Amino acid sequence: MIHSPKQPTSAKLPRRLRRAELPQDTEALARYLIGKTLVRETPRGRIIGRIVETEAYVLGDSASHGFRGLTQRNRSLFLHRGHAYVYFIYGMHYALNVSAGAKGQGTGVLIRALEPVEGIEQMQRNRGIKNIHELAKGPGRLAEALKIDKRLDGIDLCTAKSLWLGDALAPPAPISTSKRIGITKEIHRPLRFYERNNPYVSGPKRLNQ
DNA sequence: AGCCAGATTTTCT
DNA sequence: GAAAATCTGGCTA
């Protein structure tokens with residue numbers, strides 16, 4: 001192709017969420033974020049996804065990265081609510097959390113899946129695949145699709161230009177809960193939240209009913 | 001659709 | 001030194 005026409009943009013840019021709008025309670029924040037938007041601004045353009053799956057890592061939760069206190073890796077989890085905690089796992093994947101609670105609390109919400117809304121071609125390029133259903137289905141894929149890595153660790157999602165939380169473009173369908181995925185401690189707690197019947201949600205079928 | 005092994009490196013014990 | 005908030009491809013059915 002000779003000319004590359006500018007990507008179509010969605011009619012409406014989400015409104016940035018203010019910190020005061022984010023629920024103080026970690027589990028409430030995980031529920032609240034379902035249906036909200038995650039906006040990534042890059043030199044190549046804007047990427048917008050609708051949050052369809054989250055997990056809460058709450059106070060006193062031995063599955064939480066913050067459970068054993070502050071370390072070099074998890075320090076962003078101890079920031080005031082609304083900051084990005086980006087960690088590297090399994091030797092090859094990044095994952096994004098929103099820090100929750102008060103400064104020093106060490107709780108957060110893992111963003112597990114997005115429904116692509118805008119910047120789909122860029123997501124396809126970042127991921128090296130075409131299938132829209134697999135662009136951001138799972139925390140590692142989501143990070144790759146949005147080019148999220150350590151450089152974004154610790155940024156304030158309520159003020160940053162490069163990555164931020166926006167309001168819902170449309171109200172979410174009913175929210176279901178299940179056990180969390182991929183953990184070995186506190187495995188029965190119902191702290192995973194997802195939009196029911198949404199095909200962009202990750203995980204096995206038995207957890208998505 | 002479900003199970004399993006392999007990839008690969010940071011992090012903390 | 002072991003475990004890890006995962007993903008992919010290959011196999012079975």
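Everything quoted here is computed from the prediction, not taken from an experiment. To find a chain, count down the sequence lines: A is the first, B the second, and so on, and within it residues start at 1. All values below were derived from every heavy atom in this structure, side-chain atoms included, with hydrogens, water molecules and symmetry-related copies excluded.
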> Pairing of DNA chain C as dot-bracket, 5' to 3': ( ) intra-strand, [ ] crossing, | other strand, . unpaired, with Watson-Crick or G-U pairs under 3.5 Å?
Replying inline: ||||.|||||||.
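An OP1 or OP2 oxygen of C:dA4 is reached within less than 4.0 angstrom by a side-chain nitrogen or oxygen of A:Thr184. Taking side-chain N and O atoms only, A:Arg112 has a distance below 4.0 Å to OP1 or OP2 of C:dT6. Proximity of A:Arg189 to the phosphate of C:dA5: no side-chain N or O atom is located under 4.0 Å from OP1 or OP2.
Proximity of residues 199-209 of chain A to DNA chain C (heavy atom under 4.0 angstrom from any strand atom) is not detected for any residue. Against DNA chain C, the stretch residues 141-152 of chain A makes heavy-atom approaches under 4.0 Å through A:Arg141. Within residues 80-94 of chain A, the residues approaching DNA chain C are A:Tyr87, A:Ile89, A:Tyr90, A:His93, by heavy-atom distance under 4.0 Å.
Counting only residues at least two apart or on different chains, the salt bridge (Lys or Arg N to Asp or Glu O under 4.0 Å) pairs with a member in residues 194-209 of chain A are A:Arg50-A:Glu195. Annotation: ring-ring contact (aromatic ring centres under 6.0 Å, His included) contacts involving residues 18-44 of chain A, sequence neighbours excluded, are absent.
A:Ile181 belongs to a hydrophobic cluster whose other members, connected by ILVMFWY side-chain contacts under 4.5 Å either directly or through intermediates, are A:Leu207. If you chain together ILVMFWY residues whose side-chain heavy atoms come under 4.5 Å of each other, A:Leu77 ends up grouped with A:Tyr57, A:Leu70, A:Phe78, A:Tyr85, A:Tyr87, A:Ile89, A:Tyr90, A:Leu110, A:Ile183, A:Ile187.
For the salt bridge (Lys or Arg N to Asp or Glu O under 4.0 Å) test, residues two or more places apart in sequence or in another chain that qualify with A:Lys150 are A:Asp153. Scanning for ring pair (Phe, Tyr, Trp, His ring centres under 6.0 Å) contacts around A:His133 gives A:Tyr200, with sequence neighbours left out. Listed by chain and residue number, A:Arg46 satisfy the salt bridge (Lys or Arg N to Asp or Glu O under 4.0 Å) test with A:Glu41 (two or more places apart in sequence, or in another chain).
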> Please walk me through it: do A:Val117 and A:Leu169 pass side chain to side chain contact (heavy atoms under 4.5 Å, CB included)?
Replying inline: CA-CA 10 Å; A:Val117 171; A:Leu169 299 168; 3.9 Å; yes
Mind listing the N/O atom pairs, protein and nucleotides 10-13 of chain C, below 3.5 Å?
none

